[in-house]
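Because the structure is predicted, anything quoted here is derived from the model rather than measured. Computation of the quantities below employed the complete heavy-atom set of this structure, encompassing side-chain atoms and omitting hydrogens, waters and symmetry-equivalent molecules. Here is how names work: the chains are called A, B, and so on, in the same order as the sequence lines, proteins then strands, and each is numbered from 1.
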Number of protein chains: 2
Amino acid sequence: MPPKPSRKPRSDALYNRRRILDAARSVFAEKGIEVSMTEIAQRAGVGIATLYRHFPAKEELLAETFSGQLEICVSALHAALDDPDPWRGFCGFIEKLCTLQVQDRGFNAVFREAFSGGDLFEKERIRAENAFAELARRAKAAGGLRPDFVRDDLTLVIMANSGITADSQEDALAAARRLSSYFIQAFSDAPELGPLPPAPRLGPHPALRGIGWKGSSVSVG
Amino acid sequence: MPPKPSRKPRSDALYNRRRILDAARSVFAEKGIEVSMTEIAQRAGVGIATLYRHFPAKEELLAETFSGQLEICVSALHAALDDPDPWRGFCGFIEKLCTLQVQDRGFNAVFREAFSGGDLFEKERIRAENAFAELARRAKAAGGLRPDFVRDDLTLVIMANSGITADSQEDALAAARRLSSYFIQAFSDAPELGPLPPAPRLGPHPALRGIGWKGSSVSVG
DNA sequence: AGAGAAACGGAGGGGAGACTCTGGTTGGCC
DNA sequence: GGCCAACCAGAGTCTCCCCTCCGTTTCTCT
């Protein structure tokens, strides 16, 4: 189809689009990608039809919302590649990845999905995987990373980290830090007993839930 | 309420109850706890009302279905405590735990929920946590387990392992084995570069999905 | 074998969420 | 300033899922 020279979009449309994306980012980050489109529209202060005019399906809203986060991830990877010490860059990237992932429930889900078979960001994922493979190669050559580390271990880290949840940001962050620290020590080819970050408070937290059935306890009615 | 001396249940009722539990176990294991009650009833070969007669709420069906799995877990913990080498028992338990969890998607979700704040198996969870703390104490005292390992690190392992998925049982099992091996090496107080289990094939697997929106790709209709 | 209660099965109530249809409203170009 | 298309908003549809009501079947006890 030829590029229809449609007039440039109206200013209110651009304004609403921005508001929708901001609302979606914050709501997805806080509650995950299962929140309803209605809730996002309310948070953005627009009608549900306006939301669907800009993003005809939820998946497109997700893609648009998290492409920025993905860019942050990719630039963290490039920063790691620019580090003169590849092993230090590798460790920093693992930590940054875990941190980014745990601070945004929506990004966590989308990112995990992308690395476990989804096709949402397939092109970007493959580019990032290749860059990471290069980082791992250098870290093995320069020393620090164990030689039997493989590319799929990155997926393992992402999947494992995606399981981390807590009812407060601080707890989740502490858990992600501790997990990444354990991973890094396990990935090291000369493991010494380095100090771990403080232990996270993970459970029990009676206020979480999240499976979604009706009754809240086992009381038989 | 006094124990009403109701007559013993009918044979067909017991038969159906057994069929329902078998079907629930297999369907939950295969597809997770989000499957509909209708699907479980069909798999069991009973009507939906029969299912609800035996288990008035989905939560009760889950509890009944997975109490057996939990028992397996607890007995694995006791076996670990009976091992004359506490560190070996500890490592075996971590591996067994990861294996059990990844082989059953339903158990994975329920177990993860129990350890991250749910109250479904709260009593059993607390008992198991205390037993595990004793195992960890012995493993520290006898040598093997690093001294800064804490009880909540068990929750960390469970949460991390709950993130593992793959589209085949073998891949998931391989991933869980590799993850638990990494964990054990990170938990060791005298880490030596032991061999890892073979690397898992985790992604990309185009057939997974699991988020649950309508459109399957980004094609604008 | 026959009565009666327990169990069975499917239709449907109630709610939630993704997505559209129909008017009213407003910004951009002449 | 005026026209008109683009835009906005809420009510409505369609589907799915948890759970219940009621007529029918089947087991059990005598």
Side-chain angles (χ1 to χ4, degrees), chain A residues 4-20 23-24 27-28 31-63 65 106 109 209-221, chain B residues 4-21 23-24 27-28 31-63 65 106 209-221:
Chain A
K4 203 171 165 190
S6 58
R7 72 181 68 180
K8 69 180 175 186
R10 271 165 52 169
S11 60
D12 56 344
L14 265 81
Y15 175 72
N16 278 331
R17 183 186 178 87
R18 168 61 60 95
R19 297 239 315 176
I20 288 169
V27 177
F28 282 146
K31 304 188 180 180
I33 61 177
E34 314 244 336
V35 294
S36 67
M37 295 292 265
T38 306
E39 181 167 353
I40 294 168
Q42 284 171 350
R43 185 83 140 246
V46 302
I48 185 69
T50 302
L51 202 168
Y52 275 100
R53 177 174 310 278
H54 287 285
F55 304 97
K58 190 175 186 178
E59 191 168 10
E60 297 182 42
L61 178 59
L62 284 168
T65 302
R209 313 316 310 243
I211 294 187
W213 58 73
K214 188 180 169 187
S216 72
S217 84
V218 197
S219 59
V220 183
Chain B
K4 203 170 162 189
S6 58
R7 72 180 69 178
K8 69 182 177 187
R10 267 163 55 169
S11 60
D12 56 344
L14 265 81
Y15 174 72
N16 278 329
R17 183 186 177 88
R18 169 59 61 93
R19 298 238 316 174
I20 288 169
L21 279 174
V27 176
F28 283 144
K31 303 189 180 179
I33 61 176
E34 315 246 334
V35 294
S36 67
M37 294 293 265
T38 305
E39 180 167 353
I40 294 169
Q42 284 172 350
R43 185 82 139 246
V46 303
I48 184 69
T50 301
L51 202 168
Y52 276 97
R53 176 174 312 280
H54 287 285
F55 305 97
K58 190 175 185 179
E59 191 169 10
E60 296 182 44
L61 178 59
L62 285 168
T65 302
R209 314 317 312 244
I211 295 187
W213 55 73
K214 187 180 169 188
S216 73
S217 84
V218 197
S219 59
V220 184

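Side-chain contact between Lys31(B) and Glu39(B) is present, with heavy atoms from C-beta onward closer than 4.5 Å. Between Leu61(A) and Leu51(A), the closest side-chain pair of non-hydrogen atoms falls below 4.5 Å. Considering only heavy atoms from C-beta on, Phe55(A) comes within 4.5 Å of Arg17(A) through its side chain.
Atom C1' of nucleotide dA7(C) and atom CZ of Arg18(B) are separated by 19 Å, given to the nearest angstrom. Taking atom CZ of residue Phe55(A) and atom P of nucleotide dA18(C), one finds them 15 Å apart after rounding to whole Å. Rounded to whole Å, atom P of dC17(D) lies 11 Å from atom NZ of Lys31(B). Nucleotide dC18(D) holds its P atom 10 Å from the CG atom of Leu62(B), rounded to whole Å. The separation between Ile20(A) atom CD1 and dC8(D) atom C1' is 11 Å, rounded to whole Å. The CD atom of Glu34(A) sits 9 Å away from the P atom of dA18(C) (whole-angstrom rounding). Between Lys8(B) atom NZ and dC27(D) atom P there is a gap of 15 Å when expressed in whole angstrom units. If you take CG of Leu51(A) and P of dG17(C), they are 14 Å apart, rounded to a whole angstrom.
Closest approach to the Tyr52(B) side chain among dT20(D), dG9(C), dC19(C) is made by dT20(D) (side chain taken as heavy atoms from C-beta onward). Picking from dC8(D), dC18(D), dA11(C) the nucleotide with the shortest atom distance to the side chain of Ile48(B) gives dA11(C). For Ser11(B), whose side chain is taken as the heavy atoms from C-beta onward, the closest listed nucleotide among dG17(C), dT28(D), dC19(D) is dT28(D). Among the nucleotides dC8(C), dC18(D), dC8(D), the one closest to any side-chain atom of His54(A) is dC8(D).
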Discussion item. For Arg43(A) and Val35(A): C-alpha separation, side-chain torsions, deciding distance, then whether side chain to side chain contact (heavy atoms under 4.5 Å, CB included) applies.
Written reply: CA-CA 11 Å; Arg43(A) 185 83 140 246; Val35(A) 294; over 6 Å; no

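The phosphate of dG9(C) has OP1 or OP2 within less than 4.0 Å of a side-chain N or O from Thr50(B). Listed pair Asn16(A) / dC8(D) meets the phosphate criterion, a side-chain N or O lying under 4.0 Å from OP1 or OP2.
Remark: side-chain polar atoms of Lys58(B) are not paired, donor with acceptor, to backbone N or O of Ser36(B) under 3.5 angstrom. Panel note: side chain Thr50(B), backbone Val46(B); no donor-acceptor pair is recorded below 3.5 Å.
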Find every protein N or O atom lying less than 3.5 Å from an N or O atom of nucleotides 23-26 of chain D, and list the pairs.
unit_1	atom_1	unit_2	atom_2	d
dT26(D)	O2	Arg10(B)	NH1	3.3
dT26(D)	O2	Arg10(B)	NH2	3.3

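At the heavy-atom level, Ala49(A) lies under 4.0 Å from base atoms of the strands shown.
When the nearest nucleotides of DNA chain D are assigned to Arg17(A) and Met37(B) by heavy-atom distance, the more 5′-ward of the two goes with Arg17(A).
For the residue pair Ile20(A) and Ile40(A), the shortest heavy atom distance occurs at O-CG2, 4.5 Å.
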